[in-house]
Amino acid sequence: MADSDSHLKSLDYSVLQQCMHCGMCLPTCPTYDATRLERNSPRGRIALMRAIADGELEATRTFAEEMYFCLGCLACMTACPADVNYAELFEHARAEAEKSGELKSVKRRLIRGVTLEWLFMDLRRLRGLGRLMRLYQQSGLQTLIRRSGVLRLLPKRMRELEAMTPTIEKAFSGRLISPLTPPRGQKRYRVAVLTGCAQDLVFSSVNRDTVTVLSRNGCEVVTPAQQGCCGSLHAHNGEWEYAQTLARRQIDQFPPGEYDAIISNAAGCGSHLKHFSKLLADDPDYCEASKEWDSKLKDVHEWLVEIGFESPKVNGSAMETQHVTYHEACHLCHGQQIFKAPRTVLKGIPNLELTELAESTWCCGSAGIYNLIQPEMATDLLHRKVGHIRKTGADVVATGNPGCLLQIINGLENEPRSYRVVHPVTLLAEAYRREKTDVVSEGAETLQPASVGHEVAQ
Amino acid sequence: MPLSDALIERLQQIVGKENVLAEAEDLIPYSFDGTAALRQRPDCVAFVRTPEEVADVLKLGNETGTPIVTRGAGTGLSGGSLPSKEAIVMCTVHMNQILELDRANLTLLAEPGATTQAVAKAAEEAGLFYPPDPGSMKISTIGGNVAENSGGLRGLKYGVTRNYVMGMEVVLPTGEITWLGNKCVKDVAGYSLKDLFVGSEGTLGVITKVLLRLIPRPRAKRTMVATFARMDQAAEAVSAIIADHIIPCTLEFLDRTTIHCVEDYAQIGLPLDCEALLLMETDGHPAVVEEEAEEMQRICRENHCKEVRVAQDAQEATRLASARRSAFSALARVCPTTILEDATVPRSELAEMVRFVERVAKRYELKIGTFGHMGDGNLHPTFLTNEKNADEMHRVEEAFKEIFEEAIRLGGSITGEHGVGLAKKPFLPRFVGDTSMHVMRQFRQTLDPNAILNPGKIFD
Ligand SMILES: Cc1cc2nc3c(=O)[nH]c(=O)nc-3n(C[C@H](O)[C@H](O)[C@H](O)COP(=O)(O)OP(=O)(O)OC[C@H]3O[C@@H](n4cnc5c(N)ncnc54)[C@H](O)[C@@H]3O)c2cc1C
Ligand code: SF4
Ligand code: SF4
């Protein structure tokens, strides 16, 4: 891959050819739905990629922009009768776009340089930044600055971004979770939990809750404090080689042979983490290990259902009914084809009423860092999502991906009603904590109060 | 020679600058429809929004001798909306409103770019039913359906698109706007011109409004699946059901190759030692449905089915139907190129035809899975191949020829629902004969003297 000059030309042609341009993906594609232009549709994008592979088109600026207008939501993969691997095509196409240099601008270079090449290559840096932001928020500086009105001096886009900055958690996973959490009761499995980057920064409590529910269901849980980035952000943004480096580091840190399962609770990461064998196919040292890795990698909901998680033994009637609706993270439903498991988890919680969300599998606009680079499309999608949430009457929105959690929290901020936006695992963990038996055996976990989730304050 | 800038400018004046595409990156995605292995890049694409705009674009075409190809969703399977050389593609996707639902006359008026699904949903919301359900209905346009006279799974009992078209507004190739048909159930004033436009594959005019007939929703439905060791047994069961005066709304089959592919893909637990799987549905009045379902099971058993299963509730019905519904997906993922054919024979010859396709597959060393509409004799032999393999593609073509010849010999048709377009064009003259070809040519010439509308499709 590295020496060829075109990612798309060196790609196995049959992946492109697999698209029979039937159009069945069109009605599920949010960008096509918005514009009705074939160029903005899955089969249109695949046609452009194929034109490049065939040498009929150069990787032009328009092509590059098109590849970044695509959300990467993978709804087209769910709809496709021919099993076209759009995820793979999309990553190669973005890599092609990067290689073409068509999108080079100083600002873009700087943003990508700082995020993809520096911040996310070593998560200590990310956590360092997180600490700074936490200081900014907790010191009252953020409130002060927001009130002062100086923000109005910033350009509109910068103001919007400031408003979107997530609230950083009080403590990161490394402090919340001990490196080894014993199982409650008999040990049935040994698993590792990947704490992720965004998850760790903004939703470290979700990591803690993940460990809680796993340990409660007989898993011995390994959660090292220092973990690397999985590289999904890099792969989705055309930085193929960085993604490979990060994949190798993951496998080194968690040799798959030592675990029954390696657990991800962030859908976006999970859907990338499950395909290391494709990423490292040409690496003789990692080829075998990456295959085993892929087979061991499980989304937390998937794993809980697979091992037959126990319903919390609590007196349901004593609990207030929770009215919950479920938004399906693209990379869980489309990327990993996991539809049922999160609902099974939610329905296993006593006194939880699940109301289906219309268009639950339609992208909320978060899409990795899409909301940062395509704000208009992202905002339209968010409004559409919020409209559907309103209609459910639920006041809790559950979703299994940090990007979606953040996006929906932002979307619901100005609603007259107050909502709680949480990871399904958090709801399950809370119910377990209500169980009569004490929770002494959960190591560092007991040091923290029960999670409060993310209230959208009014 | 590419279209001149002057022409593109005039097009922009008609539909607005933002509705004309002329850059390579915009045009490449309009170089195909749903048909395998056909590609032609248009010179420009124009999005129309009113009948008047359509008329002006057509007049411009006549004036400058520029070919114009109407395109709906581009899901056609015979190359109907594939751009002709140096053509303007005129796309209807923005004309997508449901204009009226008349509850007293049970009709629905829609713009041509409304999806089949949107039409079906509007009918359903009014407690009514629009039966034609092509597999592409989530995205195919009603204009495309009328132009192709599309079928679906319910053809045996409910007919095809034609049976629901009561009228339409069309723009003739020379730019006149006219209305054909009306809301009357009875109307014999003059030739039924609307019927000529149904299935005209975008060659006689551009449909700008469609008036559709709706029917009351059937109140009950029963779904059953039966498996047979031999295709003949399934065919005999179907004949016996119909001889018993039962017209099920669905009578669909899968052949052995398809059953294997579906099982590989969906692991439903289908028996792999069967030559045929039959999906049967009966709908209507609850009491009649019950009675018919009983009869159909009895007939299947009498014809030595291995097993017959009846869905107890809607959920199970969906599960049973999933084997048939996933047939195309299961086949399409096997090879890079999937060619879906639609040869059709009289119902009585269906088993014979399936066997013939199997023999052809063996002889030409091809992988062909056949499924389709057993009730109406419409087969979908699906070729699983690779267009990059020239040798294999040659064998595919030879196999096609044999299959069409055989379909004709058995009293059938070269296409049951996908149309002639480009894909079946070479086979049409032999199928319909010289006189019919002559009449069709004259008719088309009268309407389109400058041959600008979808030239090269169906026949030259
Ligand atoms: C997965 C799949 C499943 C399918 N299943 C079925 C099936 O079950 N039954 C079936 O019959 N077909 C089926 N088809 C074929 C296809 O979907 C139908 O032919 C459909 O009617 C085409 O509609 P469209 O909007 O995509 O038309 P297009 O492909 O865009 O155009 C088809 C033809 O209609 C003409 N046309 C389009 N709009 C107009 C208009 N407003 N006025 C005049 N002419 C017009 C075009 O010029 C062209 O000749 C299937 C296709 C796919 C890909
Ligand atoms: S559904 Fe699949 S095969 Fe069909 S056009 Fe879309 S990507 Fe291509
Ligand atoms: S990934 Fe999403 S936005 Fe991109 S082509 Fe597929 S459906 Fe459309």
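Letters A, B, ... are given to chains in the order of the sequence lines, protein chains preceding strands, and every chain is numbered from 1. Side-chain atoms are counted along with the backbone in the values below, which use heavy atoms only and exclude waters and symmetry mates.
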> Looking only at non-hydrogen atoms, find the nearest pair between A/Ser14 and B/Pro336 and report the distance.
CB-CG, 4.3 Å
> What part of B/Ile339 lies closer than 4.5 angstrom to a heavy atom of chain A: side chain, backbone, both or neither?
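Neither part, no heavy atoms under 4.5 Å.
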> Is there side-chain contact between B/Tyr30 and A/Arg39, with heavy atoms separated by less than 4.5 Å?
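In short, these two side chains do not touch, never coming nearer than 4.5 Å.
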> Are B/Glu25 and A/Arg45 close enough for a salt bridge, meaning some N to O gap below 4.0 Å?
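No salt bridge links B/Glu25 with A/Arg45.
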> Is any side-chain heavy atom of A/Leu48 closer than 4.5 Å to one of B/Pro29?
yes
> Is any side-chain heavy atom of A/Glu38 less than 4.5 Å from a side-chain heavy atom of B/Arg71?
yes
> Does B/Asn386 form a side-chain contact (heavy atoms from CB on, under 4.5 Å) with A/Gln17? I'd like the steps, not just the answer.
CA-CA 9 Å; B/Asn386 186 339; A/Gln17 221 188 329; 2.6 Å; yes
> Can you confirm whether A/Glu58 is buried at CD, in the sense that more than 12 heavy atoms of other residues, nucleotides or ligands lie under 6.0 Å from that atom?
no
> Do other residues, nucleotides or ligands put more than 12 heavy atoms under 6.0 Å from B/Glu18 CD?
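More than 12 heavy atoms, drawn from other residues, nucleotides or ligands, come within 6.0 Å of this atom.
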> Under 4.5 Å from any heavy atom of chain B, what part of A/Glu56 do you find: side chain, backbone, both or neither?
both
> Find out whether B/Glu23 and A/Thr62 are in side-chain contact, i.e. whether some heavy atom of one side chain is under 4.5 Å from a heavy atom of the other.
no
> Taking the side chain as C-beta and beyond, is there a heavy-atom pair between B/Ile28 and A/Phe63 under 4.5 Å?
no
> So for B/Cys335, is it side chain, backbone, both, or neither that comes closer than 4.5 Å to the heavy atoms of chain A?
backbone
> How far apart are the closest heavy atoms of A/Pro81 and B/Ala332, and which atoms are they?
O-CB, 4.0 Å
> Among B/Asn96, B/Thr75, B/Asp26, which has the most heavy-atom pairs under 4.5 Å with chain A?
B/Asp26
> Would you say the side chain of B/Lys138 lies within less than 4.5 Å of the side chain of A/Met24, judging by non-hydrogen atoms?
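No; the side chains remain at least 4.5 Å from each other.
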> Go through it in stages, so that I can follow the logic: the residues are B/Arg39 and A/Arg50, the test is side-chain contact (heavy atoms from CB on, under 4.5 Å), and I'd like the CA-CA distance, side-chain angles, deciding distance and then a yes or no.
CA-CA 12 Å; B/Arg39 233 177 304 161; A/Arg50 191 167 166 172; 3.0 Å; yes
> Side chains of A/Leu37 and B/Phe47, heavy atoms from C-beta outward: is any pair under 4.5 Å?
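Side chain of A/Leu37 against side chain of B/Phe47, heavy atoms only: contact under 4.5 Å found.
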> Which of the residues A/Cys19, A/Ser41, A/Ala47 is involved in the greatest number of heavy-atom pairs with chain B at under 4.5 angstrom?
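Ranked by heavy-atom pairs under 4.5 Å with chain B, first place is A/Ala47.
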> Counting heavy atoms not belonging to B/Gln267, are there more than 12 under 6.0 Å from its CD?
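Counting other residues, nucleotides and ligands, CD of B/Gln267 exceeds 12 neighbours.
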> So which of B/Thr35, B/Val334, B/Leu27 has the biggest tally of heavy-atom pairs under 4.5 Å with chain A?
B/Thr35
> With a 4.5 angstrom heavy-atom cut-off, which part of B/Asp33 approaches chain A: side chain, backbone, both or neither?
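B/Asp33 touches chain A through backbone heavy atoms alone.
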> Which heavy atom of A/Gly23 sits nearest to which heavy atom of B/Ile139, and what is that distance?
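Minimum heavy-atom contact is O-CG2, 3.5 Å.
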